There are 2 protein chains.
Amino acid sequence: MPDAADPAPMNARRKFRREGEERRRQDLIEATLDSVAEYGLQGATLRTIALRAGVTAGLIRHYFPGKEELLQEAYTALVGRMTEQAKAALVMEDASPRQRLAAFVTANLNAPIIDARVFSLWATFIGRAGSDPTLARAHREGYLGFRNEVEAVVAEVLAAEQRKPDANELRHHAIAINAIIDGLWIEGCLAGEMFSPGELAAIGIKAVEAELGLVPEREEDQ
Amino acid sequence: MPDAADPAPMNARRKFRREGEERRRQDLIEATLDSVAEYGLQGATLRTIALRAGVTAGLIRHYFPGKEELLQEAYTALVGRMTEQAKAALVMEDASPRQRLAAFVTANLNAPIIDARVFSLWATFIGRAGSDPTLARAHREGYLGFRNEVEAVVAEVLAAEQRKPDANELRHHAIAINAIIDGLWIEGCLAGEMFSPGELAAIGIKAVEAELGLVPEREEDQ
DNA sequence: GGCCTTGTTATGCAAGTGTATAAATAGCCT
DNA sequence: AGGCTATTTATACACTTGCATAACAAGGCC
């Protein structure tokens, strides 16, 4: 599509800038995620991605062996970002284990983790995990990492309450809490406008504390 | 392109049987779901679907205006089947509300609802809900129907315990329980072999009863 | 400034896509 | 049994897709 009203030679070769390698790869990956989120895997063609990245399709092959690899790298980048953000909420200094757990739940049930675009991406990719071992492994690792984090905090919380759960108990708590967070995350991503701000987090904290058998805090302590 | 050296008529027209209309549509929808589950939306081409259904691609156009409509009908059929199965566990005569709730949780966390194929389908379609209003509405309706069922049972359970929750309390319980079931469902579908049989259901029941503040039953009562 | 490397564009191609249309035949009706 | 009709197959087509290759020019280097 040449620009119609242009005095300069119509079939002039497109101007371009040379970006650094890392920058270009990053841009291409981001454009890929955008395209997948918006149009799905089928709509994310090399041309669409290139258009979004502001380059022409051929360039992609300069940075990636093929489309498959681009998609895999994009997915890896996505899960990396997700788990990183999620875990970031756990590094609170001088906070009680219980507060850290609550903060963790809250962080996972608000923006930017509750986000329709990220959810769309997650669902699109995870739907292929059943038949794509690469995706399956990427997910498995992310999931187990997340659950281990949960299990660690749970152990701290219970220890602070003088309770000594055995390994299986701990595992079950982690699985359940993980499920609560995942389930609420999905609900929030898919139908965010059905919940008032902070409502999901409040529901999540109450559910998690009930699961652990923690006695509700008094109003003024919160 | 006639085959020159062949005595028998190589290019004989393929034999076929005429199936009833409803049967054919059903077969085509099933073949579509199979194809999507196995190859994803991009891999589910008309030819792939037709091959799986044992017909040729052209026939699809005889039953559906286009691929788009076929996919939508397939998704509608899927969510219909899912919610139907889920709710079926609730129609237990002469069982206490608490037993019915437990049965509901158990049913949702075992085969055939815990199923990698169904999950793959769900994820693939739901990933497009963000940009496809038709899919979004189909999901929304299924989700709300499910949550209303949950809310109804929860109300019965609490009533049986002489507790009178207000509307908001009830809603929050339903949202949390829905999340627990969804989250465990995902974990089971994605990594079923990580859990022993019945383990997810046990975790789910405990979590749900904790959420509702039900006191654990004594061993011999279970 | 003029070259040289290589990031980038442009063009081409074979395979596959959804859709349209024509040809055939299965199976019901009389 | 034989014709009719609508289901089904077969073929064609325009278009898109991922990938390959050639032409080009941006920007560092001397």
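In what follows, every chain begins at residue 1, and chains take the letters A, B, ... in the order their sequences are listed. Here the structure is a predicted model, which means the values were calculated and not measured.
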Lys67(B) atom NZ, over 12 foreign heavy atoms within 6.0 Å:
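Atom NZ in Lys67(B) is packed in, count exceeds 12.
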Mind jotting down which residue pairs meet the ring pair (Phe, Tyr, Trp, His ring centres under 6.0 Å) criterion with at least one end in residues 28-55 of chain A? Sequence neighbours excluded, please.
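Applying ring pair (Phe, Tyr, Trp, His ring centres under 6.0 Å) to every pair that reaches into residues 28-55 of chain A, excluding sequence neighbours, yields nothing.
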Which pairs pass ring pair (Phe, Tyr, Trp, His ring centres under 6.0 Å) with one or both residues in residues 55-86 of chain A, sequence neighbours excluded?
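Only Tyr75(A)-Phe125(A) qualify under ring pair (Phe, Tyr, Trp, His ring centres under 6.0 Å).
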Rounded to whole angstrom units, what separation is found between the [atom1] atom of [X] and the [atom2] atom of [N]?
| X | N | atom1 | atom2 | value |
| --- | --- | --- | --- | --- |
| Glu19(A) | dG28(D) | CD | P | 12 Å |
| Ile49(A) | dT16(D) | CD1 | C1' | 14 Å |
| Phe16(B) | dG27(C) | CZ | P | 8 Å |
| Arg17(A) | dG27(D) | CZ | P | 7 Å |

Glu156(B) with Arg100(B): basic N within carboxylate O range, under 4.0 Å
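Yes.
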Using a strict threshold of under 4.0 Å (side-chain N to carboxylate O), is an ion pair present between Arg61(A) and Glu69(A)?
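So Glu69(A) does not pair with Arg61(A) through a salt bridge.
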Remember a base hit wins even if backbone is also touched, and classify Glu21(B) as base, sugar-phosphate or nothing at under 4.0 Å, heavy atoms.
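If one applies the 4.0 Å heavy-atom cut-off, Glu21(B) turns out to touch nothing in the nucleic acid.
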Taking only side-chain nitrogens and oxygens of [X], does any of them come within less than 4.0 Å of OP1 or OP2 of [N]?
| X | N | result |
| --- | --- | --- |
| Arg18(B) | dT8(D) | no |
| Arg24(A) | dT8(C) | yes |
| Arg14(A) | dT9(C) | yes |

List, one per line, each side-chain donor-acceptor pair under 3.5 Å for residues 175-186 of chain A, sequence neighbours excluded.
{"from": "Asn178(A)", "atom 1": "ND2", "to": "Glu187(B)", "atom 2": "OE2", "distance (Å)": "3.1"}
{"from": "Trp185(A)", "atom 1": "NE1", "to": "Ile113(A)", "atom 2": "O", "distance (Å)": "2.7"}

Sub-4.0 Å heavy-atom contacts from residues 26-42 of chain A onto DNA chain D, ordered by number
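When residues 26-42 of chain A is checked for heavy atoms under 4.0 Å from DNA chain D, there are no hits whatsoever.
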Would you mind telling me which of dT17(C), dG27(C), dG18(D) lies closest to the side-chain atoms of Arg47(B)?
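Closest nucleotide to the Arg47(B) side chain: dT17(C).
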Going by heavy atoms closer than 4.0 Å, what residues in residues 50-68 of chain A are next to DNA chain C?
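Going residue by residue through residues 50-68 of chain A, the ones with a heavy atom under 4.0 Å of DNA chain C turn out to be Val55(A), Thr56(A), Gly58(A), Leu59(A), His62(A), Tyr63(A).
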Does the side chain of Thr106(B) reach to within under 4.5 Å of the side chain of Ile205(B), using non-hydrogen atoms?
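Thr106(B) vs Ile205(B): side chains touch.
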Look at the side chain of Arg13(A) and the base of dA23(D), then say whether one donor and one acceptor between them are separated by less than 3.5 Å.
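It does, because a donor-acceptor pair links the side chain of Arg13(A) to the base of dA23(D) below 3.5 Å.
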Determine the interplanar angle of the Trp122(B) and Trp122(A) rings, folded into 0 to 90°, and report it as parallel if under 30°, tilted if 30 to 60°, perpendicular if over 60°.
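Correct class here is perpendicular.
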Of all residues at least two apart in sequence or in a different chain, which pass the side chain to side chain contact (heavy atoms under 4.5 Å, CB included) check with Ala174(B)?
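If we apply the side chain to side chain contact (heavy atoms under 4.5 Å, CB included) test to Ala174(B), skipping adjacent residues, the hits are Arg147(B), Val150(B), Glu151(B).
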